[in-house]
Protein chains: 2
Amino acid sequence: MSYASVVDAAQAIAEPVRRDILVLLLHEGSVPAGEIARRFSISRPAISRHLRVLRESGLVRAETTGRQRLYVLDPAPLAELAGWLAQFTSDPAWQQRLDALETEVYRTRRERARPDPAAATEQETA
Amino acid sequence: MSYASVVDAAQAIAEPVRRDILVLLLHEGSVPAGEIARRFSISRPAISRHLRVLRESGLVRAETTGRQRLYVLDPAPLAELAGWLAQFTSDPAWQQRLDALETEVYRTRRERARPDPAAATEQETA
DNA sequence: CAGACGCGTAACCGATGAGTTACGCTTCTG
DNA sequence: CAGAAGCGTAACTCATCGGTTACGCGTCTG
């Protein structure tokens, strides 16, 4: 398990516009660059560079047909990222440890309703 | 359709150090801030700010005990992010469209394994 | 109680990133 | 074949980010 492309995928995903582009491609399948740009309020070069980021991180592939560039989604890196996330969401170890630790913070989180006697968890960063 | 915290989670995940912190907390359960800082080569204030980002995105919770701040993982936002990713990895629609399109780019992708650009910030240093 | 300890924050700085406009290259078209 | 259409890139600006050092504040301890 190398999780090599997790780095790039996470970086790519961090940008709202890029996420929207991915969703767009998911729904529409294959969309030319200009058409993608037309869907957003930012300029076409900005979209072009977002597409480059997505391309370089393997999330998207481009097929040149004539003077158009059709973009298609490639969810493989996203699957890898999902695999990386799985170690957190599926592994029960963290919960066991938290149970063993029996911290106040966790009980609060878990019950979500009881009055907080100490309230020492949420203070800084006013 | 909320995916509200996906934004923040993706942002938090985009940073290699923050990913490593999450993995560290996954394995160790509850770790004080200074101990976390000691595991990395960067300065303690830098870690402190990474921890703030993780806190504000809900990925981590802090419990103050005396003069220590114990950090624990909260995988809930990661689960949400995984849910967002699921629309790409589980939905078969994209593949149908790609099959229908039958593009050269896709056949290329399918036949030969794609080269993996090595960028191994992944394996935690702990 | 003075001082060490633990941790967060402020102030500052170089690097990165996302947006813009201007431009160039290739491909279609009248 | 000239010009429009479609895209990408270069050059630039501004905001954000991640790192550092200096500092402040609450907590433990001899």
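Proteins get letters first, then strands, A, B, ... in listed order; numbering begins at 1 in each.
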Just how far, in rounded Å, is C1' of D/dG19 from CD1 of B/Ile21? 14 Å

Distance check needed: C/dG8 P versus B/Ile42 CD1, whole Å only. 13 Å

Going by side-chain hydrogen bond (donor to acceptor under 3.5 Å, both in side chains), name the residues that satisfy it together with B/Arg67, two or more places apart in sequence or in a different chain. none

Dump the intermediate steps for side-chain contact (heavy atoms from CB on, under 4.5 Å) on A/Tyr71 and A/Leu24, then the final yes or no. CA-CA 10 Å; A/Tyr71 280 88; A/Leu24 170 65; over 6 Å; no

Classify the side chain of B/Arg49 versus the base of D/dG18 as yes if they form a donor-acceptor pair under 3.5 Å and no if they do not. yes

Just call it for A/Phe40: base, sugar-phosphate, or nothing, with non-hydrogen atoms closer than 4.0 Å on any strand. nothing

Does a side-chain N or O from A/Tyr71 land closer than 4.0 Å to OP1 or OP2 of D/dG8, or not? yes

Of the nucleotides D/dG18, C/dG8, C/dG17, which has the atom closest to the B/Glu15 side chain? D/dG18

Starting from P on D/dT16, measure out to CG on B/Asp8 and report it in whole angstrom. 15 Å

So, the side chain of B/Glu15 versus the backbone of B/Ala12: is there a donor-acceptor pair under 3.5 Å, distance only? no

Check the phosphate of D/dC7 against A/Arg52, side-chain N and O only, distance under 4.0 Å to OP1 or OP2. Yes or no? no

Protein-nucleotide distance (A/Glu63, atom CD; D/dC7, atom P), rounded to Å: 13 Å

OP1 or OP2 of C/dG8 sitting under 4.0 Å from any side-chain N/O of B/Arg69? yes

Specify the separation, in whole Å, of atom CD of B/Gln68 and atom P of C/dG6. 7 Å

Under the rule for side-chain hydrogen bond (donor to acceptor under 3.5 Å, both in side chains), what residues qualify as partners of A/Arg52, not counting sequence neighbours? none

May I have the distance from B/Glu56 (atom CD) to C/dG8 (atom C1'), rounded to whole angstrom? 12 Å

For B/Arg49, what residues pass the salt bridge (charged side-chain N to carboxylate O under 4.0 Å, His left out) criterion, not counting sequence neighbours? none

Considering only nitrogen or oxygen atoms on both sides, find all protein atoms under 3.5 Å from nucleotides 21-29 of chain D and state each distance.
none

Partners passing side-chain hydrogen bond (donor to acceptor under 3.5 Å, both in side chains) against A/Arg44 (at least two apart in sequence or in another chain): none

When the nearest nucleotide of DNA chain C is assigned to B/Glu35 and to A/Ile47 on a heavy-atom basis, which residue is associated with the more 5' position? B/Glu35

Under 4.0 Å, heavy atoms only, any strand: does B/Arg38 hit a base, just the sugar-phosphate, or nothing? nothing

Can you check the B/Ile36 CD1 to C/dG6 P distance for me, whole Å? 14 Å

Atom-pair distance (CZ on B/Arg19; C1' on D/dG18), nearest Å: 14 Å

Please tell me if B/His50 has a side-chain N or O lying less than 4.0 Å from either OP1 or OP2 of D/dC17. no

Hits for side-chain hydrogen bond (donor to acceptor under 3.5 Å, both in side chains) against A/Arg19, two or more places apart or cross-chain, chain-then-number order -> none

